[in-house]
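Below: the structure, in structure tokens.
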2 protein chains.
Amino acid sequence: MNISFDIKQFVETLENSCHKVRKKTFSKNEVITNYIEKRNQLCILLDGSADLVRYDLNGNRTIIDHFSKYDVFGEVFYIVSTNNELFVEAKGKCEVLFYIYDDIKKKCKINCKFHETLTELLPELILNKVTNLNMRIELLTKRSIRDKLVGYFNLISSMYLTKSFSLPFSLTDLADYLSVDRSAMMRELKLLKEDGFIEKTGNKITLLYK
Amino acid sequence: MNISFDIKQFVETLENSCHKVRKKTFSKNEVITNYIEKRNQLCILLDGSADLVRYDLNGNRTIIDHFSKYDVFGEVFYIVSTNNELFVEAKGKCEVLFYIYDDIKKKCKINCKFHETLTELLPELILNKVTNLNMRIELLTKRSIRDKLVGYFNLISSMYLTKSFSLPFSLTDLADYLSVDRSAMMRELKLLKEDGFIEKTGNKITLLYK
DNA sequence: TTTTTTCTGTTGCAAAAGCAACAAATTATT
DNA sequence: AATAATTTGTTGCTTTTGCAACAGAAAAAA
């Protein structure tokens, strides 16, 4: 995503220009943050990858979003509407920039450059999120596991412009992302293979159709 | 939603202040607009109700979003990411305000008040959409029809602050919204009734739990 | 390196959801 | 007011999905 470059630029040059900015590192499975309304926190993933997850009352785990280098997250992008708590979990070693704001829409009192740039970029960042959410909904509304898998593969394929790619998720996590049972998904992957739609070695997928 | 009032205010006073604004009426089942990238159109529903729908290759209909009075829609809020076409369909007689923009983020050349206010409101409107999308995802990730129904009822209930409410959808449309088979949903509704969780007369629901 | 933990791949069985078809009720249309 | 169209409610049957359990592979930790 071309927005990442902008973020990179301004993070690198400006991360020390505002006293409300803190950098912190996390190791695998640590909770980077949880989403609480009015926490007024915005985070930028400087290195590593992390997932936004929710656990429901039945113990089901759902991966809401997946973050990689230079992705931005925080409650502004996900206004909490239910009692289910949301966590951002580190998938490995992570470096995260935390930024606490008073009012995301208004200028920082100290008038720092960091905040100014962030405020400018915000609408674009949010629209970026909206696109992700829409894609997500499109996947989730598909009626069968097969359609979800194929939809997801098409997405990845068109993102990387190749019919052959490694999944950014483990298969276990992919099931949580598509909101289906893992073993049922494995079964469907096998059938897709048998029907000649895909090739699969470990988590490398090759699309054979179209 | 408190934002509606702002919209109402400024629409009523300013709808004639920009030459790029057009008002049009639609009758039931007419297509108000379809989503095409770079169409640069923003619509405000002045009266009636409408649905944003998608038909997939298998002929399944999915209601992506439901709009009522003063809701705002258009491609800015749903960046098209796939080949499936999206339509906004009138559910009855509708009055719609169309606004064509050059660049939603920049001021209108003629510097009209309409555009200025809209540009100011836009981030808030978008965040509003994000909340909706997140709620939607939360519903769709629920693993069973029962959980989807209950989740949806809770949402409506907490929105209207009452345990007794009429559904804003027909049952047929509700199934398309929850992305499940209608008859299977009817069966589950019956079971919910039999298990004493809800009362149901026509499309009026009363929650008996909690 | 060895041990432990997590992830992958598989399967039988049970439960849930989808499909199809139809009658009754409700809502539009003429 | 009569007719047509749509929505609701229901059910038997089929297919899909979920659950549980386990063995082997791979990855992480000791």
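These numbers were taken from a predicted model, which means no experiment stands behind them. Residue numbering restarts at 1 for every chain, and letters A, B, ... go by the order of the sequence lines. All values below come from the heavy atoms of this structure, side chains included, with hydrogens, waters and symmetry mates left out.
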Whole angstrom value for the distance that separates [atom2] of [N] from [atom1] of [X]:
X	N	atom1	atom2	result
A:Arg61	C:dT6	CZ	P	12 Å
B:Glu89	D:dT6	CD	C1'	15 Å
B:Met186	D:dT8	CE	P	7 Å
A:Asn203	C:dG9	CG	P	9 Å
B:Asn29	D:dT7	CG	C1'	13 Å

Requested in this report: With sequence neighbours excluded, tell me which residues meet side chain to side chain contact (heavy atoms under 4.5 Å, CB included) with A:Thr62.
Outcome: A:Arg54, A:Ile64, A:Arg136, B:Thr141, B:Arg143

Checking [X] now: which residues fulfil side-chain hydrogen bond (donor to acceptor under 3.5 Å, both in side chains) with it, not counting sequence neighbours?
X	result
B:Ser27	B:Glu30
A:Thr33	A:Arg39, A:Gln41
A:Glu95	none
B:Thr206	B:Ser164

Query raised in the report: For residues 186-199 of chain A, which residue pairs qualify under salt bridge (Lys or Arg N to Asp or Glu O under 4.0 Å), counting only residues two or more places apart or in two chains?
Result: A:Arg146-A:Glu188, A:Arg146-A:Asp195

Report summary line: residues 164-179 of chain A vs salt bridge (Lys or Arg N to Asp or Glu O under 4.0 Å), sequence neighbours excluded, gives A:Arg61-A:Asp173, A:Arg61-A:Asp176, A:Lys91-A:Asp173

Report summary line: Residue pairs meeting ring pair (Phe, Tyr, Trp, His ring centres under 6.0 Å), one or both in residues 147-168 of chain A, sequence neighbours left out, come to A:Tyr152-A:Tyr177

Query raised in the report: If we only count heavy atoms from C-beta on, is the A:Leu192 to A:Phe197 side-chain gap below 4.5 Å?
Result: yes

Report summary line: Per the under-4.0 Å heavy-atom filter, residues of residues 167-178 of chain B near DNA chain D come out as B:Ser170, B:Leu171, B:Thr172

Report task. Output yes when at least one side-chain N/O atom of A:Lys200 is less than 4.0 Å from OP1 or OP2 of C:dT8, else no. Result -> no

Report task. Using a 4.0 Å heavy-atom cut-off across all strands, classify A:Lys148 as base, sugar-phosphate, or nothing. Result -> nothing

Report summary line: The contact string for nucleotides 15-30 of chain D, one letter per nucleotide 5' to 3', using protein heavy atoms under 4.0 Å with B, S and - for base, sugar-phosphate only and none, comes out as --BBBB----------

Query - Any residue meeting salt bridge (Lys or Arg N to Asp or Glu O under 4.0 Å) with B:Asp181, in chain and number order, not counting sequence neighbours - result: none

Report task. Answer yes or no: is there a donor N or O on one side and an acceptor on the other, between the side chain of B:Asn203 and the main chain of B:Ser166, under 3.5 Å? Result -> no

Query - Sub-4.0 Å heavy-atom contacts from residues 189-197 of chain B onto DNA chain C, ordered by number - result: none

